[in-house]
Every structure is written in C-alpha cells, then in structure tokens.
There are 2 protein chains.
Amino acid sequence: MSRFRGKFVYTIDSKGRVNIPFKFRKVLSPGANETFVVSRAPNDCLRAYPKDAWDSYEDELASRPQTPETLQLHRLLGNTLSESTLDKQGRIKLDAEQIAIAGLVKSITLIGYTGYIEIWSTERFNEYIDKADDFDKVFFQSVEAGLRAK
Amino acid sequence: MSRFRGKFVYTIDSKGRVNIPFKFRKVLSPGANETFVVSRAPNDCLRAYPKDAWDSYEDELASRPQTPETLQLHRLLGNTLSESTLDKQGRIKLDAEQIAIAGLVKSITLIGYTGYIEIWSTERFNEYIDKADDFDKVFFQSVEAGLRAK
DNA sequence: TTTAATCGTGGGTAATTGTGGATAAGGAGA
DNA sequence: TCTCCTTATCCACAATTACCCACGATTAAA
C-alpha cells in the first residue's frame, strides 16, 4: 500500500495541471501504473487514489446493497470521476468540473493520508481547519474512541 | 520497540534542523529506517515517532469508519504531519508550520517517552511543568484512570 | 592534567524539484 | 483532405532542499 504523508502547498496552472509531490510519487505502488483516479470527497475537495487502490474501493462500493442512497452515491461519484496518468514532470490533470467543485484557483493544498491524497483549495482548507474543533479536544476524543474500539 | 528515555536541551537552527540525541538514535529500531514521523500533540508541542511505529498507529486510524468526526481527526493530524529522515549529523528537519505551532525559537527541549519523543520550546515546557498540578495528586489520579480503563 | 575521541552546531555548494511555456501529435468537424 | 482545436510531450529556469565539510565543545580515557 502507498503511504502518502504530509502536507504540500503547490500551484495549479492554467491547463489544470497539479504537481504530485515527489515524496508521494516515490511511494506510489507499482501496481498503480503511475495512474491516479480522482474523485470528489466530503467538504468539496478532491481525492486522488492510486489506480489499484481505487479498484478495491470500487469493489467494496459495488458490494453494498443497492439502496436508493447507495445508488445515488454511485451516480454522484461517477459524475466527477476521472483517471489521470503522471506526465514526465510528475503532474496529473484535473478537468474543469473537478476544478469548479473544489474551487481551485491558484494555491492548492495536497495532504497525504494512508491510501489516498486529498486536493484542496488552500483557502478552503485553511477555513476548514480554522472552523474545526480544538486540536487537543479532538486528540483526546480520538484516544477514547480507540479505547472503546478494543 | 524503541525505548526513548531522558531529557535533552538542544538548539534549533535557522534551517529548522533539530538534533536527535545520540542515545535516542542508538535505540531507534532498525525498522524505522532512520526515519521519524513528526506530528502535533496536545499542549502545542510536537511528537516524533519512529516510522514503523507510526505505520501501525496509522493503520488503526485508517480502519475506522469515515464519520465526519473521524475525517476531521484525519485532517487535523494531516495538517501538521511530516516525515523526516536523519541527515548524516543525526538531525531531522521540521517545517515552518510545525515550528510556528510549537513556538520553537532557539532552545528546544526533547523528552523521550517509551515509544516517541516530544519536542518542546524549552520556555513553554518549563512553564507547563510549573503550572502543572501537584505531582503526587497527578500520580494517583492517573493510577485510578488506569484501573477504570481495564 | 593532557590528549583523543565523540557529539552537537553552523554554513556553503551542488543537485533536485516545482513551475511555466513552447512545440509536436492526435482527433474532430467542415 | 484540410484546418482548427484540444491534448500530450518536451524543454528550460529558478527556488528550494539535501548533502557535505569543518569547527568547537563536551566527555571519556590515559
């Protein structure tokens, strides 16, 4: 599994190209074939999954019972989904609809999570963090949740 | 597991480099590959985990269902997370945001706990200790909490 | 007390990475 | 078939980073 970690602030150019941090490219699993699947994620941001990881996620989605809600999710996801392969400079390309949804203008923030990368407008991401609960509070809540799960 | 122990007072330089005490490097597990993951911790300090130890923690986090609360935790953590490998002199590099949050200026205090290292501004750390409750009281409260958790 | 080795600190240099633009290739429509 | 538009590949610059070397202080040994 690719272990993406850390935050990087980059720039999106006029052609919709976004650089993938070198550290992320380095840990990208070979099975992904240098290709990412970009989808929409909660709070109006985008996620880039390594192609092979997306395949698994897709299988999990397909296995859920087709309730009206799940069906709607499938359709909403499909609406803004794209596949993009790294160019020689290590960038992927986002399409116009994705750029609009995430409100990407110039400054982009990329954050690595274990299996995927989130792509945010820097402005919106900072707003999200500012509005979020106090770090210490969330930290201790999480510790409790971890204990309860045992 | 790496058993970090003791307190060390060092200096952060203009490039954001912080020396890791020789004693800590000596006990660093080989699985960490000379690499630390630096994250934010309660009371505006930083923590450095050996890479392999962080991997396990991350797996546990990633396995939680993505509720809005969990997602918020992921993002708060990811916001100030970085990975850094020891240079030839045995130092790691902190980024500007981490330095700002922890208020690191010159004098740094590193304290080893069993599985991680905490990085504090020396000034803030001393204040924290001064303001802390009576040692004996805190000692017995923690013992009780340990009993309740079982 | 002197000497030697080890560890922490600071700075200079060279390679790498991110970014923008130019050129070539491919496809659609007339 | 030709032209225009879109997409992808290539090239070049500049800022940043990481690597390397050297000094000094502290500790250990003789």
Side-chain angles (χ1 to χ4, degrees), chain A residues 2 4-28 33-38 48 51 81-100 104-112 117-122 125, chain B residues 2 4-28 32-38 48 51 81-100 104-112 117-122:
Chain A
S2 323
F4 303 119
R5 274 200 201 109
K7 183 172 91 165
F8 299 84
V9 179
Y10 288 161
T11 308
I12 187 172
D13 69 16
S14 55
K15 294 179 185 174
R17 295 179 298 188
V18 174
N19 190 57
I20 300 295
F22 181 73
K23 286 195 173 180
F24 291 174
R25 281 180 258 152
K26 220 169 41 184
V27 297
L28 183 61
N33 259 81
E34 308 247 292
T35 303
F36 286 91
V37 174
V38 179
K51 190 163 117 48
L81 198 81
S82 75
E83 209 178 84
S84 180
T85 302
L86 292 170
D87 68 12
K88 215 177 181 180
Q89 278 66 13
R91 295 172 290 196
I92 57 170
K93 199 178 175 301
L94 304 178
D95 61 44
E97 215 167 334
Q98 293 170 331
I99 291 171
L104 308 181
V105 184
K106 186 138 202 232
S107 183
I108 306 300
T109 295
L110 296 115
I111 311 107
I117 302 163
E118 276 193 358
I119 302 171
W120 287 72
S121 143
T122 300
F125 181 73
Chain B
S2 325
F4 304 119
R5 275 197 202 109
K7 183 172 93 167
F8 300 83
V9 179
Y10 287 161
T11 308
I12 187 172
D13 70 16
S14 57
K15 293 181 184 175
R17 295 178 298 190
V18 174
N19 191 56
I20 300 296
F22 181 72
K23 286 195 176 180
F24 290 173
R25 279 180 260 153
K26 222 168 39 183
V27 297
L28 182 60
N33 258 83
E34 308 249 291
T35 303
F36 286 92
V37 174
V38 178
K51 187 163 120 47
L81 197 83
S82 75
E83 203 180 270
S84 182
T85 302
L86 291 170
D87 68 12
K88 217 177 179 179
Q89 279 67 4
R91 295 171 290 194
I92 57 169
K93 198 179 175 299
L94 306 179
D95 62 43
E97 218 165 330
Q98 293 170 331
I99 291 170
L104 308 181
V105 183
K106 188 138 202 230
S107 182
I108 306 299
T109 296
L110 296 114
I111 311 105
I117 302 164
E118 275 195 358
I119 302 170
W120 287 74
S121 143
T122 300

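All values below were derived from every heavy atom in this structure, side-chain atoms included, with hydrogens, water molecules and symmetry-related copies excluded. Here is how names work: the chains are called A, B, and so on, in the same order as the sequence lines, proteins then strands, and each is numbered from 1.
Residue B:Lys93 is in sugar-phosphate contact alone, with no base atom involved, counting any heavy-atom pair closer than 4.0 Å across all strands shown.
In this structure, B:Phe36 CZ and B:Ile117 CD1 are separated by 4.0 Å, a value rounded to the nearest 0.5 Å.
Not one side-chain nitrogen or oxygen of B:Arg91 sits closer than 4.0 Å to the OP1 or OP2 atom of D:dC19. Look at B:Arg17 and you won't find any side-chain N or O under 4.0 angstrom from OP1 or OP2 of D:dC19. Distances shorter than 4.0 Å separate none of the side-chain N or O atoms of A:Lys88 from OP1 or OP2 on D:dT9.
Comparing atom distances between the B:Asn19 side chain and each of C:dT9, D:dA8, C:dG10 picks out C:dT9 as nearest. Here the side chain of A:Asp13 is nearest to one of C:dT19, C:dG11, C:dG20, namely C:dG20. Considering only side-chain atoms of B:Phe22, the nucleotide from D:dT9, C:dG8, D:dC10 that sits closest is C:dG8.
In this structure, the side chains of A:Ser107 and A:Val9 come closer than 4.5 Å at one or more pairs of heavy atoms. A:Glu118 places none of its side-chain heavy atoms less than 4.5 Å from the side chain of A:Phe125.
In this structure, A:Ile12 places its CD1 atom 11 Å from P of C:dG20, rounding to the nearest Å. When rounded to the nearest whole Å, the span between CG of A:Asp95 and P of D:dT6 equals 15 Å. Counting to the nearest Å, the P atom of C:dG18 and the CG atom of A:Asp87 are 12 Å from each other. When the P atom of C:dG20 is taken as reference, atom CD1 of A:Ile108 falls 11 Å away, rounded to whole Å. Note: CG (B:Leu94) to C1' (D:dT17) measures 15 Å, nearest angstrom. Distance CZ (B:Phe24) to P (C:dC7): 15 Å, rounded to an integer number of Å. Rounded to a whole Å, the OH atom of A:Tyr10 is 20 Å from the P atom of D:dA14. Here D:dC11 presents its P atom at 10 Å from CD of A:Gln89, a figure rounded to the nearest Å.
Using modelled atom types, one side-chain atom of A:Arg25 and one backbone atom of A:Ile20 make a donor-acceptor pair closer than 3.5 Å.
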Quiz item: Going through the distances and angles, do B:Val18 and B:Tyr10 end up as a side chain to side chain contact (heavy atoms under 4.5 Å, CB included)?
Solution: CA-CA 8 Å; B:Val18 174; B:Tyr10 287 161; 5.5 Å; no

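Where B:Lys23 and A:Thr11 each meet DNA chain C at their nearest nucleotide, the meeting point lying more 5' is that of B:Lys23.
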